[in-house]
Every structure is written in C-alpha cells, then in structure tokens.
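All remarks here apply to the structure that follows.
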Amino acid sequence: MSNQTNTTDFIDYDLNESFSHFDWEELAPVLVVYSLTFFLGLVGNVVIIGSTLCPRLRPLPSTPTNVFLGGLATADLLLILFCIPVKVAKLFSYTWTMGLFLCKSVHYMQSVSAICSVVTLTAMSIERYYAIVHPMRAQYTCTISQARKIVITTWVVSFLLGIPMIFTQTHKEVGLRVIAYWCVRDSEFGLLWRAHEVYMLVLVLVLPLAVMGYCYTAICWEIWRVMKRRYHLTSRRTLNPTNVDMESIPMTQRQSVRSTRRTQREDDQTEEESRTIRQVVKMLVAVVVLFVICWGPILVDNMLTAYGYLPRIKVGTYKHLNTAFQLMAYFNSCINPIVYGFMSKHFRESFLSAACGGWCICWSRRGYRAPVRRHPSLSQTRTTSIRWA
C-alpha cells in the first residue's frame, strides 16, 4: 500500500528538477535592469559623494545644496550595496534561503533608504525656499554647518522611522514535503500589516509631497515676480538710450552714463545668477518628480495588497507589474546622478573641470582642491534676491 502511495503521490513532481529550472524569459530582463542599476548607481553615487562630501576629492563648492545632494547619494548607495545583491540572489530561489537576519535587515534598510531619501529631498526644498523667498533669514538658517546637522539628523531619524518594518516582515515556514521559508509580510497580524503600509505611504509620499509642493510653488511664484519686476525696470531703461559720444556731453552726464553702464553690468550678472537659480530649482523638482514616479507605484501596490484590493499571491499580469514596480524603486537610486549631469550646467562644468586635473593631482599632493569658481547663486546665502527687490 505504501509503495502505491509513493508512486501515485506527486507523480509529475520532480524536486531536484524544480529547483534547477529557471524561466530565463522572465529572469533575463530583470537581471539586466538590476545589473544596470547596480553599476550605474555605484559609479554615479560614489562620484557624487566624492564631489560633495570628501574634502580632498571635492570639485564642487561646499554649499548647503551640495551637502544635501551628498546625503541623498549616500542613501541611494546604501540601497544599492545592501539590497540589490540580495534581490538578485533571491531571483534564483523559490524560497528564502538567507535566514531570518537578512530577511528583516534587507527590507529594513530598503525602508531606511527610502525614508532618508525623501526626508533629504524635503529638507532641500525647505532650504531652497528660505534661500530664495526669505534671503535675509537664510543668512542664519541656510548655512553649511546647519545642512550637515540636518543630514546627520535625517539619518538618525530614518533609522528610527524604519523600525516598524522589522516587525512587519516575517520569516515564515512553508512546505509539506520539504520544509522551507518565505520572507513576506506577516498576514497573521493583518491590522499591523495594513497600518504599516498606510504609515509608509503617508511618510514617504503624502506628507513630503505636501511640503515640497508648497515650497516649490512659493519658489516659482517668487522667481516669476522677480522676473516681472526686472522686465518693467529694463523696459524703462530702454526709453533712455545711453549709446552717445562721451566727448560731446558734460562731465556730470558722463558720470551718469558710467553709472548706467555699471548698472547694466550688474543686471547682466544678476540675470546669469537668476538663470542658474532657475536651473537648480528645475533640477531639484525633476529629482522629486522622479522619486514619486519610481516609489509611488510600489507603495500604492503594497497598500492595496494589504487591504485585499489586489491579490497577495502575484501571478500573471499582477506578478509582472509588481516586479516592474520593484525595479522602478531600485532604479531611482541610480537616476539622480544622471539628472544632475543633464540638468545642472554648473554641476557638470565644475565636475569636469576637476576631473580633468584636480582628482589626479590630489593623490600626489595632500590637501589639494580643484580650482573651481564659486558661483554666487549657489552660495550658502542668497543676496541676489535683495538686489532684485
């Protein structure tokens, strides 16, 4: 009787073959995206950290914005180094084979990285708000030392805010014929699971978006107001042309012409500064939008799954969408350096200037810093807004 049972039970099931069989049509695209994210993110974020935070290698000026960019790159690098290798290894296993510690710590570090990134982006928007809308107050609040303190505080707070993930993620025993483990959300405590997903959605998406939306709206309004006032001032000057012969006018009028030309030079300099400010603001807004696009879908998907609107076991289209959402979240960690290079002319020129000579020399000459000109519009205070008013 027992022999008959052994031959009829699991008649089409070969344990060894099932563990050695992989669907490469699904695995190959995922592996390509993970590999691309890892290498681009590793190189790009190391470059950003070296360019903004390391004293010997820093080709960019030390400003609050660059300090925040360095902190953001550090959070992205943490996610890439700690989580992506484990995610790739998990692709080749039907169960979780890396133990309880990695089950909880990998998801915990993923939460910490997401929280740290979005809190840093929020702090950057607030710093830009004070520097452009309230330049007098920014002289005392938007300083480099304050930015460093905020970055350190952000890291500490992120590690604390990520603690609920440790209790939500569980190392679950599964299997009848062969005992194995899954690393999944603990569905036995449904209230805790649902509360955690709402907590992450509000903390990482809703609240930061509200703060950043207000700050960048106020910044855009201030820039538009200043541009409008400058247009009216320029229009009035065009009614009084100054291209006249200096020898044919009295001395007092010559002084007036020199003063007018000096004012025009100052206006040209102010125009250049304002153009750089607009460029920096556009870059930061692009970083925020990309963060929302990359992290929003997986956060919403997790919450809908916790409340039963989406199936817990992902198959078919749901599986492909969930995989795409996870890839998007990780891909965000490598996309920020690309945005800096494409959208910030000052960042690109400063880095290339240092990369051509400064970084090679700094290894042979201790304490060397690349001779990069400090742009007024990227300094730790904003006096240009005072001159516009």
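Computed over heavy atoms, backbone and side chain alike; hydrogens, waters and symmetry mates excluded.
Phe92 and Trp182 are not part of a single hydrophobic cluster, where members link through side-chain heavy atoms under 4.5 Å apart. Hydrophobic cluster membership differs between Leu100 and Val86, with clusters built from Ile, Leu, Val, Met, Phe, Trp and Tyr side chains linked at under 4.5 angstrom. Follow the hydrophobic side-chain contacts under 4.5 Å out from Phe38 and you reach Leu31 in the same cluster. Met165 and Leu191 end up in different hydrophobic clusters when Ile, Leu, Val, Met, Phe, Trp and Tyr side chains are linked at under 4.5 Å. At a threshold of 4.5 Å between side-chain heavy atoms, the hydrophobic network of Ile, Leu, Val, Met, Phe, Trp and Tyr places Trp96 and Val174 in two separate groups.
Remark: the backbone N or O of Gly41 is not paired with any side-chain donor or acceptor of Asp76 at under 3.5 angstrom. For Ser113 (side chain) and Met109 (main-chain N/O), no donor-acceptor pair under 3.5 Å exists by modelled atom type. In terms of modelled atom types and a separation under 3.5 Å, the side chain of Asn302 and the main chain of Ile298 share a donor-acceptor contact.
The shortest distance between side-chain heavy atoms of Lys172 and Cys183 does not fall below 4.5 Å. Residues Tyr181 and Thr95 are not in side-chain contact: their nearest non-hydrogen atoms beyond the backbone lie 4.5 Å or more apart. Using a 4.5 Å heavy-atom cutoff, the side chains of Ile49 and Leu77 are in contact.
Here ring-ring contact (aromatic ring centres under 6.0 Å, His included) pairs that include residues 195-226, with residues two or more places apart or in two chains, are Tyr129-Tyr214, Trp221-Trp224.
Scanning all heavy atoms of the two residues, the minimum distance from Pro208 to Val202 falls at CD-O, 3.7 Å. Smallest separation of non-hydrogen atoms from Phe167 and Leu192: O-CD2, 3.9 Å. When all heavy atoms are compared, the tightest approach of Ala218 to Val133 is O-CG2, 3.9 Å. Ala131 and Cys142 get closest at one heavy-atom pair: N-SG, 4.1 Å. Taking every heavy atom of both residues into account, Met328 and Ile293 meet most closely at CE-O, 3.1 Å. Ala114 approaches Phe291 most closely through the heavy-atom pair O-CZ, 3.8 Å.
Under the 3.5 Å distance criterion, with hydrogens and angles disregarded, a donor-acceptor pair is assigned to the side chains of Arg128 and Thr65. Looking at Tyr330 and Gln110, their side chains do bring a donor and an acceptor atom within 3.5 Å of each other.
Put simply, the residue from Val288, Ile126, Thr122, Ile132 that forms a side chain to side chain contact (heavy atoms under 4.5 Å, CB included) with Cys215 is Ile126.
Interatomic distance, Thr305 OG1 to Arg194 CZ, rounded to the nearest 0.5 Å: 12.5 Å.
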- Message: Is there a salt bridge (Lys or Arg N to Asp or Glu O under 4.0 Å) between Glu222 and Arg225? Walk through the geometry before answering.
- Response: CA-CA 5 Å; Glu222 178 68 14; Arg225 187 182 65 84; 2.7 Å; yes

- Item | Verdict with supporting geometry, Ile150 and Glu127, side-chain contact (heavy atoms from CB on, under 4.5 Å) | CA-CA 11 Å; Ile150 292 174; Glu127 188 267 338; over 6 Å; no

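A cation-pi arrangement is absent between Arg148 and Trp155 under the rule of less than 6.0 angstrom and at most 45 degrees off the ring axis.
Other residues, nucleotides and ligands contribute only 12 or fewer heavy atoms inside 6.0 Å of the NZ atom of Lys90.
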